[in-house]
Amino acid sequence: MHNKEIEENTSFTNTSKRQKYHRKMKVIKIGGGCLKGIKTIRHISRLIPSYGKGHILVVSALYGVTDILINGIDKALKDEELILPHLEIILKLHLSVATHLMESAECVQGYKRELADTVKLLERYYYGLNFTGELTPKMADAISCLGERFSAQLLAWTLRSYGLNCGYMFPQEMPLYTDGKFGDATVDLEATGKALQDSLLPYLAAHDMVFVPGFYGVSQKGEITTFGRGGSDYSAAAIAAAADAEVLEIWKDVDGFMTADPKFVPQAEFIHCLSYEECAELSYFGATILHPRTVEPVRQRGIEIVIKNTMRPEARGTVITDSSGQSAKIIKSITYTEDIAILKVHASGVGYRPGILSIVSGAITDAALNIKSVVATQTCISFLLSKKDLDPAFAALERIQPRPYRLLEREDELVLLAIVGEGLSSSMGVAARCFSAISGEDINVEMISFGPSKAALYFLLHRDKLYQGVHALHQTFFAAAQQA
Ligand code: ASP
Ligand code: MG
């Protein structure tokens with residue numbers, strides 16, 4: 001499996017290197033939900049020798065650890081005395097997994113040393129925070145990324161204790177380059193792709209497998225930048241694209257995408273195949289299976305994403321490719337998010353007054369707030385925002401002088417339902433069927449948008465109507481199709 005020649009032959013060019021390394025290599029992402037408690041982590045560790053050989057394994061932090069690291073920031077800012085007990089919790093949690101799982105005392109010792117080094121680093125960060133009393137975005141990233149380091153080393157040492165020749169590599173060693181934006185970075189695929197040819201890929205060739213901490217990369221200056229919460233999926237996708245992998249496998253504790261949230265709709269069905277577009281829309285608005293930006297890097301290179309349920313590793317979960325496997329139903333899934341609010345900007349002549357849209361949207365983005373979507377009519381611009389961004393966005397628009405609008409209005413008692421399916425926008429009857437399903441339940445639609453995507457249709461409803469709305473739509477598109 002390891003290719004000795006690759007290590008020895010250093011004279012070939014990048015292109016021939018790429019061909020050498022380009023076996024059927026996968027990038028496998030192991031989520032925090034699969035790293036929850038000793039039993040589950042043991043289960044994953046036993047799967048890896050059969051499914052992980054020759055591949056890159058990008059890991060999340062153990063379940064809950066990122067939250068613990070972030071909670072520690074508050075404690076450190078509040079009271080110095082809280083720091084050491086907090087570090088003790090983190091240390092104990094990882095050590096207890098290590099001692100239960102590792103089959104050799106040397107490996108436990110090896111892990112212990114590395115764990116202690118990283119905890120020491122964390123200790124310095126926490127004391128630094130306590131001393132300065134100030135949290136910068138840079139420090140928040142440097143601290144919150146450490147859970148992935150603990151878990152990547154934990155798995156590497158566990159698999160070593162089973163006799164495998166496995167390694168780990170940190171994003172700063174590859175380097176996995178980003179645009180340098182703290183808390184919400186984007187990968188520089190071009191620079192990373194070049195760098196991996198001389199770092200991760202030859203290292204993989206010399207090992208059975210390589211573990212990589214997900215969730216962060218580094219700027220050109222070497223600063224740690226995370227990809228936002230849940231960002232390990234995106235890390236794995238970026239590495240798959242930069243390393244030119246055959247496939248990106250996402251290991252989870254569920255089968256994959258469903259026609260609706262099964263907690264809500266018990267008769268929801270499993271979806272075998274989605275297009276990139278459908279997957280992006282579903283992840284963006286609601287479905288929590290993948291980080292919304294996972295599709296971006298792999299779509300550019302046409303790399304397939306496969307969701308795998310680690311409880312049923314033989315089964316093929318949802319496959320995401322560039323063809324949707326469009327079904328007669330057209331609609332693939334109904335999803336929703338409660339994290340939605342509208343900021344309405346009333347002004348006359350929105351359509352013919354040049355610049356008004358850019359002035360108000362500029363004020364929102366300058367305040368570092370994300371606009372999820374915009375719907376404009378002649379008299380009103382509606383910004384769809386995350387609930388937490390509503391008040392700061394309102395304040396940002398109030399500060400604009402002179403005021404380019406007549407009135408601002410906010411609404412946050414809403415939910416957004418998204419109906420997703422490739423071909424939906426060209427199928428005339430779909431919107432009408434949605435409307436009659438919803439109005440049949442006496443639900444008032446606050447807003448509807450075809451959005452910028454051809455594969456999604458959004459409705460905003462009062463939050464009390466969420467359950468009824470999802471049911472009515474699911475019944476219309478799925479139960480009816482089943483009977484037909
Ligand atoms: N550990 C990080 C989080 O909890 C990233 C991830 O798991 O994807 O957000
Ligand atoms: Mg996740």
Side-chain angles (χ1 to χ4, degrees), residues 27-37 40-41 44 56-74 86 89-90 93-94 97 115 118-119 121-122 125 135 137-156 168 170-172 176 178 181-187 211-218 224-241 248-254 256 279-280 283-284 286-298 305 307-310 337 339 370 386 388:
V27 170
I28 298 171
K29 188 266 172 168
I30 306 177
C34 302
L35 300 171
K36 187 178 181 177
T40 356
I41 306 172
I44 295 296
I56 298 167
L57 294 100
V58 176
V59 298
S60 281
L62 300 196
Y63 187 80
V65 167
T66 310
D67 289 330
I68 298 178
L69 288 165
I70 294 170
N71 292 340
I73 293 178
D74 287 335
H86 193 76
I89 296 174
I90 296 171
L93 192 146
H94 290 89
V97 178
L115 180 66
T118 312
V119 171
L121 179 69
L122 178 61
Y125 289 155
L135 176 68
K138 179 173 166 169
M139 188 49 80
D141 274 8
I143 291 174
S144 58
C145 81
L146 293 178
E148 273 66 15
R149 229 160 114 160
F150 297 136
S151 62
Q153 291 175 321
L154 177 69
L155 287 177
Y168 62 80
F170 293 162
Q172 55 268 51
L176 175 61
T178 70
K181 190 165 173 216
F182 298 113
D184 183 28
T186 298
V187 169
F211 291 90
V212 172
F215 190 34
Y216 72 97
V218 290
I224 289 195
T225 51
T226 65
F227 301 121
R229 293 306 304 268
S232 296
D233 293 335
Y234 176 69
S235 306
I239 293 171
L248 167 65
E249 260 181 31
I250 308 275
W251 286 14
K252 292 195 73 79
D253 50 357
V254 296
C279 174
S283 310
Y284 194 55
T288 52
I289 306 283
L290 284 182
H291 184 274
R293 296 179 59 196
T294 312
V295 165
E296 272 171 39
V298 289
I305 307 174
I307 314 278
K308 240 183 193 317
N309 184 347
T310 52
T337 178
D339 183 22
N370 181 38
S386 195
K388 68 173 177 8

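What's counted below: heavy atoms across the whole structure, side chains too, no hydrogens, waters or symmetry copies. Whatever order the structure lists ligands and atoms in, that order sets their numbers, starting from 1.
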Atoms of ligand 1 under 4.0 Å from any heavy atom of Arg229, numbered from 1 in the order shown, are 3 (C), 4 (O), 9 (O)
Exercise for review: Assign the ring pair His94 / Phe150 to parallel, tilted or perpendicular, where the plane angle (0 to 90°) is split at 30° and 60°.
Suggested key: tilted
- request: Return a yes/no value for Asp233: is any of its N or O atoms, backbone included, closer than 3.5 angstrom to an N or O of ligand 1?
  value: no
Problem set entry | Side-chain heavy atoms of Asp339 within contact of Lys388, under 4.5 Å | no
Hits for ring-ring contact (aromatic ring centres under 6.0 Å, His included) against Tyr168, two or more places apart or cross-chain, chain-then-number order -> Phe170
For Tyr125, the ring-ring contact (aromatic ring centres under 6.0 Å, His included) test, sequence neighbours excluded, returns none
> Thr225 and Asp141: side-chain donor and acceptor closer than 3.5 Å?
Replying inline: no
Would Gly228 count as being in polar contact with ligand 1, using the rule that some N or O on each side must be under 3.5 angstrom apart? no
Min heavy-atom dist Gly214 to ligand 1 below 4.0 Å: no
In ligand 1, the atoms that come under 4.0 Å of a heavy atom of Ser60 are 6 (C), 7 (O), 8 (O)
Q.
Can you tell me if Gly147 contacts ligand 1 (heavy atom of the residue under 4.0 Å from the ligand)?
A. no
Taking only non-hydrogen atoms of Glu148 and a 4.0 Å limit, the atoms of ligand 1 in range are 1 (N), 2 (C), 5 (C), 6 (C), 7 (O)
Checklist entry - Would you say the side-chain atoms of Arg293 and Thr186 include a donor-acceptor pair closer than 3.5 Å? => result yes
